[in-house]
Colleague: 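Pasting a structure below so you can have a look.
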2 protein chains.
Amino acid sequence: MARTAGSHSDITGPKVRDAALTLFARHGFAAVSMRQIAREVGVQVGALYNYTPDKQTLLFDLMQSHMDALLEAFSDDPAMPPRDRLHNFVRFHIRFHHDRPDAVFIAYMELRNLTPENFTNIEALRKRYEDKLEAILRAGVSSGVFDVADTKIATLAVIAMLTGVNTWFRSGGRLSLQDVEDQYWQMVRKAVSAESPA
Amino acid sequence: MARTAGSHSDITGPKVRDAALTLFARHGFAAVSMRQIAREVGVQVGALYNYTPDKQTLLFDLMQSHMDALLEAFSDDPAMPPRDRLHNFVRFHIRFHHDRPDAVFIAYMELRNLTPENFTNIEALRKRYEDKLEAILRAGVSSGVFDVADTKIATLAVIAMLTGVNTWFRSGGRLSLQDVEDQYWQMVRKAVSAESPA
DNA sequence: GTCTATAATTGGATAGAC
DNA sequence: GTCTATCCAATTATAGAC
């Protein structure tokens, strides 16, 4: 029952990741030292290296976990009408990103601090997520309910618009997350919908 | 006529700013050393301090110059129809940002590396730019040609969408900048326009 | 698993010669 | 205006005791 004194791998591991996530988001990867992370966790700097081979891998693992969770959490039903699938995507994207602002911030801002191999890996995951939205838009264009000149551009435009919510929205203000979801959905829906003939 | 040997303030000054802009955009402010900047310029590190009191001020000056240029370059005519004013804004924003990707990147990514006072200053400039778009949207809502639930949210949504172009578009590919402008204009126009009754 | 101590390097900024 | 030399603080990562 009694553990080795000072042994806490099951609890320290997550704390290292949490501390790194918070600090990297607040100050930036390059500006955060391993000593700062250790202080936040409550251990000495040497102990961190039981949980990550180096600082770069720590960053990469955080980004990969985030992208994996994103891909895992999104579900889409190709049998549904494109409009409903898009509505589902908009709500999901806003809510998922709102729930983890630090991870989102890091995943977008620290790409340049990844080694080339790690960068390629993360970009592939991002591409897989974009492809899910593009499939929805393409289905809608095929059936005539959507009208966009280029589904790839529309995909990037919609994702940029939705992710932008994280730069200004925090719960507890004048608007609820539901309000935000509703308003962005109206804008996205109109932006990609086919217009009724004049 | 002959200058003091080694005196090049008129040429070194801009070179310091150019080098800092490029390096900060590529690697991030915190990851770039004054020695790296000096090497890029072709001087020793001590010489840099003739052009900036410190590294923080160098960053701030780059961001402030960018925001000043942005505000200076945009022109709007409140007498024109809101739809034309919005079209003008979309084209201007895409083109201006496309022309200076490094400055745009820094202005969005390095806000957290500013001192609190400098941050407040830059944010005020950004707010002034956002207000220009919001005024256009408000005019269109008033006249009935636009329909958005909240002009502030629509402003942020449109700017996020348009600025997103910089993350993927580079001249010389499959699409011209004109193509991109046209497609984003269609999406923005539809997103904020009043829908014709069914 | 965590600690202390340390190696080896690099950082921003300054002083003083030219 | 630029250079060389330097100060002092901070960095990542490792070694070895417990």
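Order of the sequence lines sets the chain letters (A, B, ...), proteins ahead of strands, with each chain counted from 1. Predicted model only: the values in this text are computed from it and were never measured.
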Colleague: Write down the distance between CG (B:Leu48) and P (D:dT2), rounded to a whole number of angstrom.
Modeller: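 After rounding, the gap between these two atoms is 9 Å.
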
Colleague: Using a 4.0 Å heavy-atom cut-off to protein, can you give one letter per nucleotide of nucleotides 9-15 of chain C, 5' to 3': B if the base is in contact, S if only the sugar-phosphate is, - if neither?
Modeller: --BBBB-

Colleague: Suppose we screen for side-chain hydrogen bond (donor to acceptor under 3.5 Å, both in side chains). Which residues come up paired with B:Tyr129, at least two apart in sequence or across chains?
Modeller: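 With neighbours one apart ignored, the set is B:His93.
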
Colleague: Counting only side-chain nitrogens and oxygens, does A:Thr12 get under 4.0 Å of the OP1 or OP2 atom of C:dG1?
Modeller: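 For C:dG1, neither OP1 nor OP2 has a side-chain N or O of A:Thr12 closer than 4.0 Å.
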
Colleague: Using a cut-off of less than 4.0 Å, is there contact between a side-chain N or O of A:Gln44 and OP1 or OP2 of C:dT2?
Modeller: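 It does not, given that no N or O in the side chain of A:Gln44 lies less than 4.0 Å from OP1 or OP2 of C:dT2.
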
Colleague: Salt bridge check, A:Lys15 against A:Glu40: does any charged N sit closer than 4.0 Å to a carboxylate O?
Modeller: no

Colleague: Would you confirm whether the ring centroid of A:Phe105 sits within less than 6.0 angstrom of the ring centroid of A:Phe24?
Modeller: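 For A:Phe24 and A:Phe105, the ring centres are not under 6.0 Å apart.
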
Colleague: In whole angstrom, give the distance that lies between atom CG of A:Asn50 and atom P of D:dG16.
Modeller: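 Taking atom P of D:dG16 as the reference, CG of A:Asn50 is at 16 Å.
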
Colleague: Respond yes when some side-chain nitrogen or oxygen of B:Tyr51 is under 4.0 Å from OP1 or OP2 of D:dG1, and no when none is.
Modeller: no

Colleague: Rounding to an integer number of Å, can you tell me how far A:Arg39 CZ sits from D:dT11 C1'?
Modeller: 13 Å

Colleague: Check this for me: does any side-chain nitrogen of one of A:Arg112 and B:Glu110 sit under 4.0 Å from a carboxylate oxygen of the other?
Modeller: yes

Colleague: Once you round it to whole Å, what is the distance between P of D:dT2 and NZ of B:Lys15?
Modeller: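 That distance rounds to 10 Å.
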
Colleague: Specify whether A:Phe89 and A:Phe74 have parallel, tilted or perpendicular ring planes, treating 30° as the upper limit for parallel and 60° as the lower limit for perpendicular.
Modeller: perpendicular

Colleague: Salt bridge or not between B:Arg95 and B:Glu181? Use side-chain N to carboxylate O under 4.0 Å.
Modeller: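 So B:Arg95 pairs with B:Glu181 through a salt bridge.
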
